[in-house]
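Below, all heavy atoms of this structure are taken into account, side chains as well, without hydrogens, waters or symmetry copies. Keep in mind it's a predicted model, so treat the numbers as computed, not measured.
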Amino acid sequence: DTVPTCTVPSPPHTVTEAVLRCVVRAITEGTAVDVRYHSSTGAAAQNRRLWPHALMHTGSRWNVRAYDSERAGFFDFVLQRMESPRPSAK
């Protein structure tokens with residue numbers, strides 16, 4: 001008997017230039033960004049509107065401290081788990 005296998009897509013292990021540029025610009029201008037975010041739980045990527053405040057490096061990955069509009073609070077987000085960044089519509 002063989003055990004069926006499948007693959008689960010994982011986010012990239014590096015920060016894309018587009019994500020970094022968008023987040024840094026939002027911090028500088030005090031604006032929001034819309035991103036697709038891959039949670040650490042492995043759930044499907046979700047749309048998030050974030051208000052970035054500060055960048056941090058933990059030694060192995062880049063995080064951004066940001067206000068999450070949906071959850072109405074500040075949380076840390078891993079930049080490597082973000083995709084499709086764009087400035088939020090005002």
Looking at residues at least two apart in the chain, or sitting in another chain, which of them share a side-chain contact (heavy atoms from CB on, under 4.5 Å) with R71?
R48, D68, F75, F77
Check side-chain contact (heavy atoms from CB on, under 4.5 Å) between A54 and all other residues, then give those that pass, not counting sequence neighbours.
none
Provide the closest heavy-atom pair for C22 versus P87 in the form atom of the first, atom of the second, distance.
SG-N, 3.8 Å
Gap separating the CG atom of N63 from the CG atom of L79, nearest 0.5 angstrom:
7.5 Å
Find out whether Q46 and Y37 are in side-chain contact, i.e. whether some heavy atom of one side chain is under 4.5 Å from a heavy atom of the other.
no
Decide yes or no for V23 and L50: does some side-chain heavy atom of the first lie under 4.5 Å from some side-chain heavy atom of the second?
no
Can you list the residues that meet the side-chain contact (heavy atoms from CB on, under 4.5 Å) rule with R36, with sequence neighbours excluded?
A45, N47, E83, S84
Tracing side-chain contacts under 4.5 Å among Ile, Leu, Val, Met, Phe, Trp and Tyr outward from M56 reaches none
Following the transitive rule for hydrophobic clusters with a side-chain heavy-atom cut-off under 4.5 Å over Ile, Leu, Val, Met, Phe, Trp and Tyr, establish whether V24 and V64 coincide in one cluster.
yes
Hits for side-chain hydrogen bond (donor to acceptor under 3.5 Å, both in side chains) against E17, two or more places apart or cross-chain, chain-then-number order -> R21
Verdict with supporting geometry, Y67 and H53, side-chain contact (heavy atoms from CB on, under 4.5 Å):
CA-CA 8 Å; Y67 183 83; H53 178 69; over 6 Å; no
I would like to know whether M82 and V33 meet side-chain contact (heavy atoms from CB on, under 4.5 Å); could you show each step before the answer?
CA-CA 11 Å; M82 293 181 183; V33 295; over 6 Å; no
Who passes side-chain contact (heavy atoms from CB on, under 4.5 Å) against R49, sequence neighbours left out?
A32, D34, W51, S69, S88
With Q80, which of V19, T16, V15 fulfils side chain to side chain contact (heavy atoms under 4.5 Å, CB included)?
V15
